[in-house]
Number of protein chains: 2
Amino acid sequence: MTKRVTLADLAEQTGLNISTISRALSRPDRVSNETRRLVEKVAAQLGYETNVAARNLSRGTSDTILVLASSFSGQAISPVFTQTLLGVCEEAKALGLNVMLRQYLGQSISASDVMRYLQAGVADSVLLVASEQWEPPVGRPSDRGMLPVVSIFKDLTSAGLASVMTQEVDGYVAIVDHLVERGHRHFAFVSGPQGIGHEHIRYNAVKNRLSMLGLGQKLIRLEGGPFDMPSGAKAAQTFLALKNRPTAVICCSDAQALGFLHTILESGLRVPDDVAIAGYDGMDYTAFTSPALTTVIQPMLEIGRVAVQVLADIRNGRITSPRLVALAPTFVIRQST
Amino acid sequence: MTKRVTLADLAEQTGLNISTISRALSRPDRVSNETRRLVEKVAAQLGYETNVAARNLSRGTSDTILVLASSFSGQAISPVFTQTLLGVCEEAKALGLNVMLRQYLGQSISASDVMRYLQAGVADSVLLVASEQWEPPVGRPSDRGMLPVVSIFKDLTSAGLASVMTQEVDGYVAIVDHLVERGHRHFAFVSGPQGIGHEHIRYNAVKNRLSMLGLGQKLIRLEGGPFDMPSGAKAAQTFLALKNRPTAVICCSDAQALGFLHTILESGLRVPDDVAIAGYDGMDYTAFTSPALTTVIQPMLEIGRVAVQVLADIRNGRITSPRLVALAPTFVIRQST
DNA sequence: TTGTATGCGTTATCAG
DNA sequence: CTGATAACGCATACAA
């Protein structure tokens with residue numbers, strides 16, 4: 001290893017005191033122009049780079065966000081999250097923060113694990129991605145301020161966490177209205193995994209909207225399972241076996257919609273003539289399937305960005321109580337409906 | 001904040017010396033069973049969690065891998081990488097390492113930036129994801145040992161970096177052989193972005209194989225651009241305008257293949273009857289397009305895993321010279337050919 | 001503005 | 001096997 005350059009080296013080189021060097025580098029305004037320039041010059045010359053471990057230890061922070069992403073049943077992070085992850089990285093960079101990534105299995109992360117990370121100083125704030133549950137840590141009777149933890153894709157405000165996600169109801173209402181306008185009167189909803197929050201919100205959004213339109217009884221529910229393509233394909237099999245088939249199918253995800261579409265087309269039925277299919281998420285491939293899929297685009301990138309901002313606001317005390325930030329989705333009509 | 005528990009607290013509680021506490025926790029075998037149990041008990045009671053900043057500072061390491069992912073022209077991390085990222089996370093967890101993620105714009109990351117991260121102690125090893133270039137740092141005349149940097153998806157061994165990627169030639173040879181066997185004698189290759197390494201490797205793999213089969217003159221090249229769907233669609237437009245059209249199209253990515261497929265179908269041509277289309281990557285949607293796409297599945301997860309292992313082996317001195325680890329892909333024939 | 005002294009929490013060295 | 005003590009590199013309250 002090339003011997004690392006430390007503040008002490010700069011101090012020796014410049015003849016200044018180490019604390020002056022430190023100040024010149026971290027608070028340029030608290031030092032004379034002269035010394036600032038000198039220090040900067042020598043620092044550049046010697047290739048000084050401030051040691052983060054030392055800085056973190058001294059300041060008691062780590063300036064890093066820990067992203068905890070659930071990987072459902074051994075699967076990969078959903079491609080749905082890549083955009084969000086990008087948003088997180090971009091915003092973090094803008095705020096001078098690091099992003100640490102950790103996957104966890106299953107659907108819920110234990111609060112105590114999170115507290116552990118926080119206490120160990122691995123990170124000083126945490127982003128929960130699609131975590132289903134959150135039981136507030138016990139030994140911590142809400143002592144002053146919120147935890148620097150925010151949930152994305154899942155509303156956990158009731159558990160005391162700021163949350164940011166898509167305004168899901170809006171999206172599904174748009175789908176329903178569109179389908180009704182197209183003349184459909186008989187619907188199927190392809191559900192997500194059992195016990196997942198989105199699930200309820202989304203199904204209820206559809207159900208309620210249809211009820212409001214007097215079509216509450218014309219909705220059946222097909223158990224989908226995971227948000228992936230095979231699960232959509234499986235639901236389509238069930239669908240095809242129905243004696244009295246709905247004419248419009250609303251899926252919990254684009255992946256399911258694609259799987260459903262594929263199976264329907266293979267059966268010889270036509271989309272959208274025999275069956276209209278709508279997805280949800282806004283994956284890029286939906287614009288290129290044949291027929292292209294009608295879907296609701298979630299503002300993935302923005303969700304990542306906003307989540308980081310909320311985190312920052314919690315840390316600097318501008319946010320002091322749980323809140324839900326629900327971002328508007330974009331409904332896009334394509335050939336599948 | 002709940003006052004953090006430190007080794008000093010445990011020392012006070014147990015009456016033992018702080019160094020003994022440290023040892024009991026980090027080297028349980030170097031203390032008596034008695035004290036080990038005592039320390040463990042008290043640590044659990046007080047909820048002790050070792051401060052990573054302090055540990056890192058003292059040990060001079062960070063136990064974290066920095067993943068540098070290029071995001072082409074403001075786009076998101078390719079969904080292609082999600083699997084790989086999962087592999088990285090899994091293996092890192094198994095080795096007790098952290099994963100830090102950072103995106104960088106453009107296609108090449110400067111070696112000096114990487115050295116900066118390393119020197120700052122942000123991470124002690126780096127994973128370059130699809131980085132096009134690497135100019136070895138200048139001020140560092142290969143002083144003892146390799147840099148703890150590995151490249152994935154791009155062979156940078158010539159620049160002195162261990163690299164892990166897919167055996168790309170094998171994949172394209174398989175595609176060519178398959179298409180020839182299906183009776184095709186006239187081919188198009190939809191290229192990737194200009195100046196990207198994959199590009200050359202892949203095109204040459206196709207070209208060489210065809211030459212070997214006496215069909216070297218029967219290949220045209222369509223400029224694709226980015227590895228995304230619009231780029232495939234654009235190439236398809238060019239293709240459709242051709243007077244003498246090839247019957248088989250080989251794409252640089254599944255995304256391009258999907259875009260191409262979509263445009264071809266819209267034009268009224270039939271796949272695979274009029275045009276056979278093959279992709280590359282093994283994205284999950286390829287199995288659910290209509291027709292399903294023939295493609296080459298890259299071992300994404302494995303690449304991530306192996307990359308981390310290589311990194312670990314470099315650090316512990318088991319690997320001391322640049323090498324390429326090329327993992328075998330899986331060719332899968334579907335309806336599009 | 002700059003220098004002095006001390007703390008941050010662990011690990012490692014070296015005696016005992 | 002355990003204890004005392006010196007790093008590790010930086011930040012900061014306080015004094016000059």
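Everything numeric in this text was worked out from a predicted model, so none of it was measured. Chain letters run A, B, ... following the sequence lines, proteins first and then strands; every chain starts at 1.
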For [X] and [N], what is the distance between atoms [atom1] and [atom2] respectively, to the nearest whole Å?
X	N	atom1	atom2	answer
B/L25	C/dA12	CG	P	13 Å
B/R59	C/dG9	CZ	C1'	13 Å
A/E49	D/dC10	CD	C1'	14 Å
A/R36	C/dT2	CZ	P	11 Å
B/D9	C/dC8	CG	P	11 Å
B/Y48	C/dG9	OH	C1'	7 Å
A/N51	C/dT10	CG	P	17 Å
B/L16	D/dT2	CG	C1'	8 Å

B/Y104 and B/V129, any side-chain heavy atoms less than 4.5 Å apart
no
Would you mind reporting whether A/Y48 and A/R4 have side-chain heavy atoms less than 4.5 Å apart?
no
Between the side chains of A/S32 and A/T35, does any donor sit under 3.5 Å from an acceptor?
yes
When you look at CD of A/Q309, are more than 12 heavy atoms from neighbouring residues, nucleotides or ligands closer to it than 6.0 Å?
yes
Taking only the side-chain heavy atoms of B/N17 (C-beta and beyond), determine which of D/dT12, C/dG3, D/dA4 contains the nearest atom.
D/dA4
Which of D/dA11, D/dT12, D/dG9 is nearest the side chain of A/R27? It is D/dT12
Presence of donor-acceptor pair under 3.5 Å, side chain of A/S22 and base of D/dG9
no
Does any N or O donor sit under 3.5 Å from an N or O acceptor when you compare the side chain of A/R23 with the base of C/dG3?
yes
For C/dT2, take OP1 and OP2 only and decide whether either is under 4.0 Å from a side-chain N or O of A/T35.
yes
Where the side chain of B/T157 meets the backbone of B/G160, is there a donor-acceptor pair that is under 3.5 Å apart?
no
Closest-nucleotide mapping onto DNA chain D: is B/T20 or A/S19 further toward the 5' terminus? I mean the 5' end.
B/T20
Which part of the nucleic acid, if any, lies within reach of A/L7 when heavy atoms closer than 4.0 Å are counted: base, sugar-phosphate only, or nothing?
sugar-phosphate
